[in-house]
2 protein chains.
Amino acid sequence: MPELPEIRTIAAGLDDALAGHTLSGLEVARPQCLNGTPGEMRDWILARRVVRVKPRGKWILFSLDDIAGDLVAINLGMGAEIRLPGAAEEPPDHYRVRLHTREGSGVFIRFWWLGHVHYVPGDDETHPVRLLGPDALDEGLDVDAFRGLLEGRRGGIKAFLLDQRRIAGIGNFYAHDILARAGVHPLRKIPTLGDDEIAGLHRSIREVLGESLDLGGADYERDIFGRPGRFSRESFIVGYREGTPCGLCGTTVVRIRTGSTPGDICPGCQPLPEDRT
Amino acid sequence: MPELPEIRTIAAGLDDALAGHTLSGLEVARPQCLNGTPGEMRDWILARRVVRVKPRGKWILFSLDDIAGDLVAINLGMGAEIRLPGAAEEPPDHYRVRLHTREGSGVFIRFWWLGHVHYVPGDDETHPVRLLGPDALDEGLDVDAFRGLLEGRRGGIKAFLLDQRRIAGIGNFYAHDILARAGVHPLRKIPTLGDDEIAGLHRSIREVLGESLDLGGADYERDIFGRPGRFSRESFIVGYREGTPCGLCGTTVVRIRTGSTPGDICPGCQPLPEDRT
DNA sequence: TAATCTAACAACGA
DNA sequence: CTCGTTGTTAGATT
C-alpha cells in the first residue's frame, strides 16, 4: 500500500538511477498488469529514452522522449516490491515485470495484489493519471487552494481525501491520523466543516505525509535498494490503535467502517455531531 | 410526458410543415430552457435552413444546413404544448419559446415542467442526444439486436427500459404495460430473464408503442395542430389500474415503487421469484 | 495492512 | 411524468 511518501521515495531513487537511460527490454510474467499485450508494450516503449521519473499521487511516471506527454505509468496497487539491484547484486527471483535499460540497469517489480504497468500516450486524456487531483504535498496547495478543492463537495471528508481525482496521494494508512490530528470525524460532511477544521486538515496532511516522507516512508515498505522506511505506525495517535488509548486524549480508539474502508477514530477527539459513532 | 409515439407524431407534423424552411426568429420568455443565451442561440441557428425534422427517442431534432450534424434539439420534459398554428389561426398566448421561419410559419412551445430547446453543434459528442440508444421502434432493432442491448447488464429491467442511453423513447407511461404484457416484473434482474421473456419484451415494446403510434399517440397529448391523440389508457391491462382487476388474469393491480418511478403491476402475471412484490 | 474501475441506485437540483 | 450530477455501495480485478 505505498502512498505518497513511499512513492516519492521510490520515484526519487528511480529518477537518480534511470533518468536519461534508454529502455531496451521488457519481460512480463503477468500480462494482465499491462494495458496492452507484451508485444504492443515493447513496440510502444522500447528504444525510447526515459527523460525523468516522477511521482504523481500514488503513481510513478516515466516520461518518454520523442512525444510530449507519453508515459510509462506504474501503480503499485495494494503493495509491491520494486527493486533496482546494483551491478554486483543478484537480480530478484520472482519478478512479474522486468524493465531493462541499454545502460545496464534493470527494474524488477513484483506486485502483491493488483498493480499495473501502463503505457499512456500523450493524447490519452482519460487515463486515471490524467484525472488526478493535485498532489497532497504539492507546493502550490496552500490552505486556500485546499479549501477550493472542497468547494461544492457534499460528501464525507474521508471519501474526499481518498479520492485520487480530488487530491492525489492519500490512502487509508495515513488517512486515519490526518483526520484525527485535525479532530475531524471521517464521516463529517464537507459542507459542515468550519474554516478552522479545513485549515487543520490541510496542516495534518502536510504534517503526517511530510513526517513519513522525511523518514523515507513507512517501515513496512522498502526503497528500490530494499532498504525499509523509518516511519513507524507507532507514531500514530489513532491509526491501528483500536482498543488502546488515543495518543492525544486517552479515549479508547475504536474501528468503524467508513464507506468501503475501515477507519480508526478517537471518539473523544473526533466527535460526529450529525449521528453515529 | 410525451414518449415515442407522441414525439413521432409531433415530429412528423413539424417535418411536413417546416422541412426546407429557414429559421428567421427566436423569442424566448424563459431563457433557462436554452443551452445558451437567447442572443447566442440566435447567432447559432437563425438564417439557417431546417433540412429535416426527425424524432429521436423523446427528442425532436431539427437538422440544420451548412454544417453536418448541427441540430436544434427539443425535449418536451414532463409535458409541453407545441403548436404550429395555421395561417388564419390566432397564435397561442403563453408561449415560452417561439420559433419563426422566413416562410411564415411559427412554432410555439409552452413547457409545463422542465423542457429544453438546445443547439447541438455537429462536433458535440457529449450532448444527451448523441448518447441515445437505438429508437425503441427502430426497424433494425429486431429481437437479436434487443438481446444484444441487454447483454452484460445486471440491473433491473425497468431501469433499463427507461434509460435513454440503452434504448430510446420509452417512459414510465408505456413501461407498465410493456412489462405486464411480457409477464415480467419491473424489478427482475436482466441476467435472470429467459430467452422467451426477452422475446416477449421485444414484442411488447413494438405492440404497445406501435398501437399508440397508429392512433396518433396518447389522448392526453396533442399534435401540433392541437388535435388530441386517440390512444386511451383504458386499453392498458395494468397501467393506471391500481386496485382494479388485471386486464389479462383478473388479479388486482398494485402500485409499487421501482427505483425512482412508481409502477403498476399485476402480481399474477408478473411474479418476482427473487423477493418482494 | 491495502487500490482502482465500473455499474447501479438514491438523492437532489433544475 | 424529465434529465443531469453527485455520492454511495457492491462487485470485480488475475
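In what follows, chains are A, B, ... by sequence order, proteins preceding strands, each numbered from 1.
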Check: When you match A:V129 and A:P262 each to their closest nucleotide on DNA chain C, which lands nearer the 5' end?
Finding: A:P262
Next item on the list: Determine, for A:F160 and A:R166, whether the Lys NZ or Arg CZ falls below 6.0 Å from the six-membered ring centre while staying within 45 degrees of the axis.
Entry: no
Notebook entry, point to check: Considering only side-chain heavy atoms of A:A159, which listed nucleotide, D:dT8, D:dT14, D:dC3, is closest?
Noted result: D:dT8
Note to self: I'd like to know whether B:H176 forms a ring-ring contact (aromatic ring centres under 6.0 Å, His included) with B:F236, so could you lay out the CA-CA distance, the side-chain angles of the two residues, the decisive distance to 0.1 Å, and finally the verdict.
What the structure shows: CA-CA 8 Å; B:H176 303 109; B:F236 280 146; 7.0 Å; no
Margin query: Using the P atom as the point on both nucleotides, what is the distance between D:dT13 and C:dA2, in whole Å?
Written below: 22 Å
Check: What is the nucleic acid contact for B:G79, judged by heavy atoms within less than 4.0 Å: base, sugar-phosphate only, or nothing?
Finding: nothing
Notebook entry, point to check: About how many Å separate NE2 of B:H118 and CD1 of B:I45, when rounded to the nearest 0.5 Å?
Noted result: 12.0 Å
Note to self: Need one value for A:G156: base, sugar-phosphate or nothing, where a base atom within 4.0 Å counts as base even if backbone is also close, heavy atoms only.
What the structure shows: sugar-phosphate
Margin query: Of the listed nucleotides (C:dA8, C:dT4, D:dG7), which one gets closest to any side-chain atom of A:R153?
Written below: D:dG7
Checklist line | A:H176 side-chain proximity, nearest of C:dT4, C:dA2, D:dG7 | finding: C:dA2
Margin query: Is the phosphate of C:dA3 approached by A:N75 (side-chain N or O, under 4.0 Å from OP1 or OP2)?
Written below: no
Note to self: Keeping A:Q270 on the side-chain end and A:V184 on the backbone end, is there a donor-acceptor pair under 3.5 Å?
What the structure shows: yes
Next item on the list: Starting from C1' on C:dC5, measure out to CH2 on A:W113 and report it in whole angstrom.
Entry: 15 Å
Item checked: Under-4.0 Å side-chain N/O to phosphate OP1/OP2 contact, A:K189 with D:dT8 -> yes
Check: Which nucleotide in the set C:dC5, C:dA2, D:dT14 lies at the smallest distance from any side-chain heavy atom of A:P128?
Finding: C:dC5
Item checked: Test applied, side chain to side chain contact (heavy atoms under 4.5 Å, CB included); reference residue, A:R110; option that passes from A:R83, A:R98, A:E81 -> A:E81
Margin query: Tell me whether the side-chain N/O atoms of A:Y240 come closer than 4.0 Å to OP1 or OP2 in C:dA2.
Written below: yes
Check: Can you tell me how far P of C:dA2 sits from OH of A:Y220, to the nearest Å?
Finding: 8 Å
Margin query: Is A:R233 close enough to C:dT1 that one of its side-chain N or O atoms is under 4.0 Å from OP1 or OP2 there?
Written below: no
Item checked: Atom-to-atom span, CZ of A:F231 to C1' of C:dT1 - whole angstrom -> 14 Å
Next item on the list: Remember a base hit wins even if backbone is also touched, and classify B:P2 as base, sugar-phosphate or nothing at under 4.0 Å, heavy atoms.
Entry: nothing
Next item on the list: Calculate the interatomic distance between B:I7 atom CD1 and D:dC3 atom P; express it in whole Å.
Entry: 10 Å
Checklist line | Proximal nucleotide (of D:dG7, C:dA8, D:dT14) relative to the B:R166 side chain | finding: C:dA8
Margin query: Distance check needed: D:dT9 P versus A:L187 CG, whole Å only.
Written below: 9 Å
Checklist line | For D:dA10, the Watson-Crick or wobble partner whose two distances fall under 3.5 Å | finding: C:dT6
Notebook entry, point to check: For C:dC12, which nucleotide in any strand shown is its Watson-Crick or wobble partner with both distances under 3.5 Å?
Noted result: D:dG4
Check: What is the distance from CH2 of A:W112 to C1' of D:dT14, rounded to the nearest Å?
Finding: 16 Å
Note to self: Any base atoms under 4.0 Å from B:Q164, or only sugar-phosphate, or nothing? Heavy atoms, all strands.
What the structure shows: sugar-phosphate
Checklist line | Spacing between B:I157 atom CD1 and C:dC9 atom P, to the nearest angstrom | finding: 11 Å
Next item on the list: Can you measure from CG (A:D177) to OG (A:S235) and round to the nearest 0.5 angstrom?
Entry: 7.5 Å
Next item on the list: Starting from P on D:dT2, measure out to NE2 on B:H127 and report it in whole angstrom.
Entry: 17 Å
Notebook entry, point to check: Base, sugar-phosphate alone, or nothing: which one does A:R30 contact when heavy atoms must sit under 4.0 Å apart?
Noted result: base
